[in-house]
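Have a look at the structure below before the remarks.
Order of the sequence lines fixes the chain letters, A, B, ..., with proteins taken first and strands second; residue numbering starts at 1 for each chain. Everything numeric here is computed off the predicted structure, so don't read it as measured data.
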Protein chains: 2
Amino acid sequence: MARGAERHNARPRAPLTRERVLRAAIDLADREGLEALSMRRLGQQLSVEAMSLYNHVANKADLLLGIADLAGSEIYLPSTVDDWRAEMRRRAISARDVFSHHPWVSGLLEAQTDPPIPATLRQHNAVIGCLRAGGFSMAATAHAFSLLDCYIYGWASQEATLPFETDDEVGELAAASLAQLPRDEYPHIAEMITEHTMKPGYSYADEFEFGLDLILDGLDNLRDGASAS
Amino acid sequence: MARGAERHNARPRAPLTRERVLRAAIDLADREGLEALSMRRLGQQLSVEAMSLYNHVANKADLLLGIADLAGSEIYLPSTVDDWRAEMRRRAISARDVFSHHPWVSGLLEAQTDPPIPATLRQHNAVIGCLRAGGFSMAATAHAFSLLDCYIYGWASQEATLPFETDDEVGELAAASLAQLPRDEYPHIAEMITEHTMKPGYSYADEFEFGLDLILDGLDNLRDGASAS
DNA sequence: ACCTGAACACCGTTCAAGT
DNA sequence: ACCTGAACACCGTTCAAGT
């Protein structure tokens, strides 16, 4: 067994690159949360001292920007050719999916960076272009843009705080939180849980498309030449 | 000048209480941001060693829960007597105002804690009660609740990332970001800035009530006995 | 009962030194 | 060119010791 210098770790050689550092950081954040992503812990994952990472990443802010851009680029980019409603709908649902796979992404994309994150700029540009092509005035585009992004990012942060991961768990968890709840102090919450949330057919995830469609319906009235309600 | 033991600080005696600790923490977070709020820095503000704080606060998580509850309690609590639309509107605008005075609050209120933050429970209970009294079914109440909170919290996190604080600064800042923007790569963003954002009358803050009213209009159709559109 | 000093196990980051 | 060890200035928190 001549192993020589590369003896102390199973995967010794593959040289560090920015790409490899960012991928490992995404893995770590997905598995253990963003707060577990420290330079030292990330170094361990790559069988390297923390200081080596600084050869591929300027600092921690650059690392976070890098993973936000990489994961943010997975979100569907709307085009100007199809109808605006289908495109905005598809983009919103894609963002919801990406944010639910990587719960740390939405927060990082919202963080103010200088320069701005390319994935965000591409999204902004594509959304504005799609709405303009769909018949929205400049002012209406600004309205629609702000409303949609508030909803999408708001959903992401609400979802990230949910105590359950799948709809199967909703029932038992609702029962558990109901047991701890001072029912006389919060009667309306108690009623909501017993008569709605705990019922079999309930799915919190369905709320997303409901709200999204309500917003899209409302925005439709804003377009040039839209029939007044 | 007989000053004796209390010589090394201007405000020496007022004994530490949980209230005083929380107030000082809110001040510090407002002035320098949540990331500046460490136990050691907070101790300094109160002319006390960091370890003394643990006599009034279980740990840092408890401190954060405490300031979230205190600031969150400033948000208007909707009643069941007035009409649902006015109440929901007033509550949303109040939340927007509180979140804009204390940009760190919305994030803390969204954080999952066990037990839940009382201010949040009171809000949830009041909102559900108001909507139910306003003629919303259980399912419609869940829809409305989710949509409104996504929008309100989404707005807060979008606003927290804005690079400007007042509407006066919008113009110059838009010009500055336009100068750095690769215009051929992001033509629609460039157009939006030059032809809308940079124009004198534009106010990002106005977008909040626009989106809010669009959502309230949509929700109005959900009520029992609402006229079908 | 409340406050403190020293200590522990962590952070991000710099810098001189190694290969 | 890339990686490392030691060091610095920070964290939250525990614990024995002071008053």
Closest nucleotide among D/dG12, C/dT13, C/dC11 to the A/R41 side chain: C/dC11

Under 3.5 Å donor-acceptor, A/H196 side chain and A/M192 backbone: no

Intermediate values then yes/no, ring-ring contact (aromatic ring centres under 6.0 Å, His included), B/W155 and A/Y151: CA-CA 8 Å; B/W155 176 273; A/Y151 183 64; over 10 Å; no

Results of side-chain hydrogen bond (donor to acceptor under 3.5 Å, both in side chains) for B/H188 - residues two or more places apart only: none

Per-nucleotide pairing state of DNA chain D [Watson-Crick or G-U, under 3.5 Å; [ ] pseudoknot-crossing; | other strand]: ||.|||||...|||||.||

Each nucleotide N or O in nucleotides 2-6 of chain D that has a protein N or O under 3.5 Å away: list the pair and distance.
from  : atom 1 : to    : atom 2 : distance (Å)
D/dT4 : OP2    : A/E49 : N      : 3.0
D/dT4 : OP2    : A/S52 : OG     : 2.7

For nucleotides 17-19 of chain D, print each protein N/O atom paired with a nucleotide N/O atom at under 3.5 Å, atom names and distance only.
none

Pairs involving residues 49-72 of chain B, ordered by first then second residue, that meet side-chain hydrogen bond (donor to acceptor under 3.5 Å, both in side chains) (sequence neighbours left out): B/R18-B/D62

Cationic N near anionic O, under 4.0 Å, B/E19 to B/R23: yes

ring-ring contact (aromatic ring centres under 6.0 Å, His included) evaluation trace for B/W104 with B/F99: CA-CA 7 Å; B/W104 44 270; B/F99 294 163; 9.8 Å; no

Plane angle bin for B/H124 and B/F145 - parallel if under 30°, tilted between 30 and 60°, otherwise perpendicular: perpendicular

Distance, rounded to the nearest Å, where B/Q44 contributes CD and D/dC10 contributes P: 9 Å

Whole-Å distance separating the CG atom of B/L37 from the P atom of D/dC11: 10 Å

Residue pair A/Y204 / A/E159, side-chain donor-acceptor N/O under 3.5 Å: no

Rounded interatomic separation in angstrom, taking CG from B/L34 and C1' from D/dC11: 14 Å

Contacts of type side-chain hydrogen bond (donor to acceptor under 3.5 Å, both in side chains), residue B/E185, not counting sequence neighbours: none

Rounded distance (Å) that lies between atom P of D/dC10 and atom CZ of B/R40: 10 Å

Length of the CG-C1' vector between A/L63 and C/dT13, whole Å: 14 Å

A/S73 and A/R122 side chains, donor-acceptor separation under 3.5 Å: yes

Given C/dT14, D/dA7, C/dA7, the nucleotide with the shortest approach to the side chain of A/Y54: C/dT14

Main-chain N/O of B/A190 paired with B/T194 side-chain donor or acceptor, under 3.5 Å: yes

